[in-house]
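Counting convention: from 1, in listed order, for ligands and their atoms alike.
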Amino acid sequence: MSERILVGADHAGFALKQRLVAELERLGYEPVDVGPRALDPADDFPDYAKPVAEAVSKGDVARGVLTCGTGLGMAYVANRYPRVRAAVAWSPEIAELARRHNDANVLVLPARFVSEEEGMEILHKWLDTAFEGGRHVRRVHKIDAGTARP
Ligand code: RB5
């Protein structure tokens, strides 16, 4: 069975999201597009981060992909949900390290700072890289345990 991956964007990430959904389908995944369905310059990124983050947080899906202009707003929202580790990745190297060291389960792409082709390369790297485990396990556990907070 193919893996369901939730995908969301705001207006700044809309065009890239369309490419991401098509690419995930091409690769044999089952992308679930949480919207927007059409370009709406007045839409708000938290409305699309929420369904993706909720589904990952609850364990309904293992992974999600979000995109907005900088990636930052989407990451702020997604990282408020327990067990969500959303990583803004602007290069394949960042995506690789986000998987290997941080076990990032949500990829966030900064649509205004990467080309669509770069976005595809980043997506591929994030999809194909495994968590390294080892010393990184306790660090990831400390995120979810809240021990990194003051
Ligand atoms: C929308 O203009 C922009 O603020 C949004 O896409 C994102 O970059 C927010 O973090």
Pair listing, ring pair (Phe, Tyr, Trp, His ring centres under 6.0 Å) test, anchored in residues 53-112, at least two apart: His101-His136
Does atom CZ of Arg80 have more than 12 heavy-atom neighbours from other groups under 6.0 Å away? no
When rounded to the nearest 0.5 angstrom, what is the spacing between CG in Asp33 and CD in Glu25?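 That separation rounds to 9.5 Å.
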Would you say the side-chain atoms of [X] pair up with the backbone N or O of [Y], donor to acceptor, closer than 3.5 Å?
{"X": "Asn105", "Y": "Ala62", "value": "no"}
{"X": "Arg19", "Y": "Glu116", "value": "no"}
{"X": "Asp10", "Y": "Asp43", "value": "no"}

Using a 4.0 Å cut-off on heavy atoms, what residues surround ligand 1? Order them by chain and number.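 The 4.0 Å shell around ligand 1 contains Asp10, His11, Ala12, Phe45, Cys68, Gly69, Thr70, Gly73, Arg112.
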